[in-house]
Protein chains: 2
Amino acid sequence: MEKSDLLRIAGKRIQQLREQKGLTQVDLAGKIQGEFDTTNVSRIESGRTNPTLYTLHRISEALEVSLSELLAI
Amino acid sequence: MEKSDLLRIAGKRIQQLREQKGLTQVDLAGKIQGEFDTTNVSRIESGRTNPTLYTLHRISEALEVSLSELLAI
DNA sequence: CCTTGACTTGTCAAAAATGTCAAGTATGGA
DNA sequence: TCCATACTTGACATTTTTGACAAGTCAAGG
């Protein structure tokens, strides 16, 4: 799979899980451990950035799913 | 979970899967799509670096497991 | 010993993620 | 129309990953 496709699909998955929980991007950024701006949520969901493992981990915690589930793509 | 713990555990998992396949770090780096140095394999397995999603994806392809399986940690 | 293979560690440049802020678009309700 | 909410986008500094190379450790075998 191409990098751009991977990032786009992973972003869609995160967006999907976020919306399932009824959270806005602002809500999600607020739930994430440490500093996290809504800018980053937007960039990740749209596949414009290539998040690190730690970032994915923090997102999975905020969405209350495992990393495995988050990346079941 | 702390960042350092996450990276250490993910690294161990990658090492475990690599060894299960009977591959050396050099073998794995060679199987990975695109350019990939053994230096990076070592740094990731020891938890000294925080790999990106795309890097994890390429590793999972080389180890012939899904991203989900790779990150079942 | 000496060599080879496997891995680690240091440094470096280039590219990119992260964190922050400001400004833009779009939608829906008062 | 005005305002608030939600999201996108651009720019910027800081930090870090990635990729490349060289040198180091360590163990097994000749």
Side-chain angles (χ1 to χ4, degrees), chain A residues 1-65 67-68 70-71 73, chain B residues 1-65 67-68 70-71 73:
Chain A
M1 200 199 309
E2 259 189 62
K3 180 176 177 180
S4 59
D5 292 323
L6 173 74
L7 300 187
R8 200 174 33 72
I9 292 169
K12 279 264 178 238
R13 170 96 179 126
I14 289 169
Q15 181 182 19
Q16 203 174 60
L17 289 166
R18 173 176 63 80
E19 290 175 347
Q20 266 176 31
K21 306 273 177 180
L23 302 173
T24 66
Q25 290 185 351
V26 176
D27 294 334
L28 179 58
K31 285 192 74 178
I32 291 176
Q33 186 194 39
E35 304 301 333
F36 211 95
D37 202 81
T38 55
T39 306
N40 292 326
V41 178
S42 179
R43 289 191 283 218
I44 291 167
E45 285 192 359
S46 60
R48 256 172 294 117
T49 210
N50 180 17
T52 63
L53 177 56
Y54 181 54
T55 291
L56 293 167
H57 167 73
R58 285 185 295 165
I59 291 173
S60 80
E61 277 187 329
L63 291 174
E64 299 169 40
V65 298
L67 249 180
S68 254
L70 190 75
L71 296 175
I73 55 180
Chain B
M1 200 198 311
E2 260 190 62
K3 180 175 175 181
S4 59
D5 292 323
L6 173 74
L7 300 187
R8 199 175 33 71
I9 292 169
K12 278 263 177 243
R13 170 95 180 125
I14 289 169
Q15 180 183 19
Q16 202 175 59
L17 288 165
R18 173 177 63 78
E19 290 175 346
Q20 267 176 32
K21 306 271 175 182
L23 302 172
T24 66
Q25 290 185 350
V26 176
D27 294 334
L28 179 59
K31 283 192 75 178
I32 291 176
Q33 186 195 39
E35 305 302 332
F36 211 95
D37 203 82
T38 56
T39 306
N40 291 326
V41 177
S42 178
R43 290 192 282 218
I44 291 168
E45 285 191 0
S46 60
R48 255 172 294 116
T49 210
N50 179 16
T52 62
L53 177 57
Y54 182 53
T55 293
L56 292 167
H57 167 72
R58 284 185 296 163
I59 292 172
S60 79
E61 278 187 329
L63 291 175
E64 299 169 39
V65 298
L67 249 180
S68 254
L70 189 75
L71 296 176
I73 53 181

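We name chains A, B, ... by the order of the sequence lines, and we start the count at 1 in each one.
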Legend entry - d(CG, B/Asp27; P, C/dG5) in whole Å: 12 Å

Inset, instruction - Can you establish whether the number of heavy atoms outside A/Gln20 located under 6.0 Å from its atom CD is more than 12? - result: yes

Inset, instruction - Could you tell me the separation between the OH atom of B/Tyr54 and the P atom of C/dA15, rounded to a whole number of Å? - result: 16 Å

Inset, instruction - Using a 4.0 Å heavy-atom cut-off across all strands, classify A/Thr39 as base, sugar-phosphate, or nothing. - result: base

Legend entry - Residue whose nearest DNA chain D nucleotide is more 5′ - A/Ser46 or B/Thr49: A/Ser46

Inset, instruction - Report the distance from atom NZ of B/Lys12 to atom CD1 of B/Ile14, rounding to the nearest 0.5 Å. - result: 12.0 Å

Legend entry - Interatomic distance, A/Lys31 atom NZ to A/Glu61 atom CD [nearest 0.5 angstrom]: 10.5 Å

Inset, instruction - Return the value, rounded to whole Å, for the distance between atom CD of B/Glu35 and atom C1' of D/dT17. - result: 16 Å

Inset, instruction - Would you indicate what A/Asp37 reaches in the nucleic acid, counting non-hydrogen atoms under 4.0 angstrom: base, sugar-phosphate, or nothing? - result: base

Inset, instruction - Nearest whole angstrom, please: distance from the C1' of D/dT16 to the CG of A/Leu56. - result: 15 Å

Inset, instruction - Tell me which nucleotide among D/dT8, D/dT18, C/dA17 gets nearest to the side chain of A/Asn50. - result: C/dA17

Inset, instruction - Kindly say if A/Ser42 contacts the phosphate of D/dT8, meaning a side-chain N or O under 4.0 Å from OP1 or OP2. - result: yes

Legend entry - Reported CG-to-CD distance for the pair B/Leu17 and B/Glu45, which is rounded to 0.5 angstrom: 10.0 Å

Inset, instruction - In whole angstrom, give the distance that lies between atom CG of A/Leu7 and atom P of C/dA16. - result: 11 Å

Legend entry - side-chain N/O B/Gln15 vs C/dC7 OP1/OP2, d < 4.0 Å: no

Inset, instruction - Please tell me which of A/Arg58 and B/Arg18 maps to the more 5' nucleotide of DNA chain C, matching each residue to the nucleotide holding its nearest heavy atom. - result: B/Arg18

Inset, instruction - Specify the separation, in whole Å, of atom CD of B/Glu45 and atom P of C/dA6. - result: 14 Å

Inset, instruction - Would you state whether a donor and an acceptor, one from the side chain of A/Arg43 and one from the base of C/dG19, lie under 3.5 Å apart? - result: yes

Legend entry - Proximal nucleotide (of C/dG19, D/dT18, C/dC7) relative to the A/Asn40 side chain: C/dG19

Inset, instruction - Would you classify B/Thr38 as touching base, sugar-phosphate or nothing, given that sugar-phosphate means primed atoms plus P, OP1 and OP2, and contacts are heavy atoms under 4.0 Å? - result: nothing

Legend entry - Distance, rounded to the nearest Å, where A/Ile14 contributes CD1 and D/dC7 contributes C1': 16 Å

Inset, instruction - Look at the side-chain N and O atoms of B/Thr52 and state whether any lies under 4.0 Å from the OP1 or OP2 oxygen of D/dT17. - result: no

Inset, instruction - Calculate the interatomic distance between A/Arg48 atom CZ and D/dT9 atom P; express it in whole Å. - result: 5 Å

Legend entry - Spacing of CE belonging to A/Met1 relative to CD1 belonging to A/Ile9, to within rounding of 0.5 Å: 4.5 Å

Inset, instruction - Just compare C/dT8, D/dT18, D/dC7 and give me whichever is closest to any side-chain atom of B/Gln25. - result: C/dT8

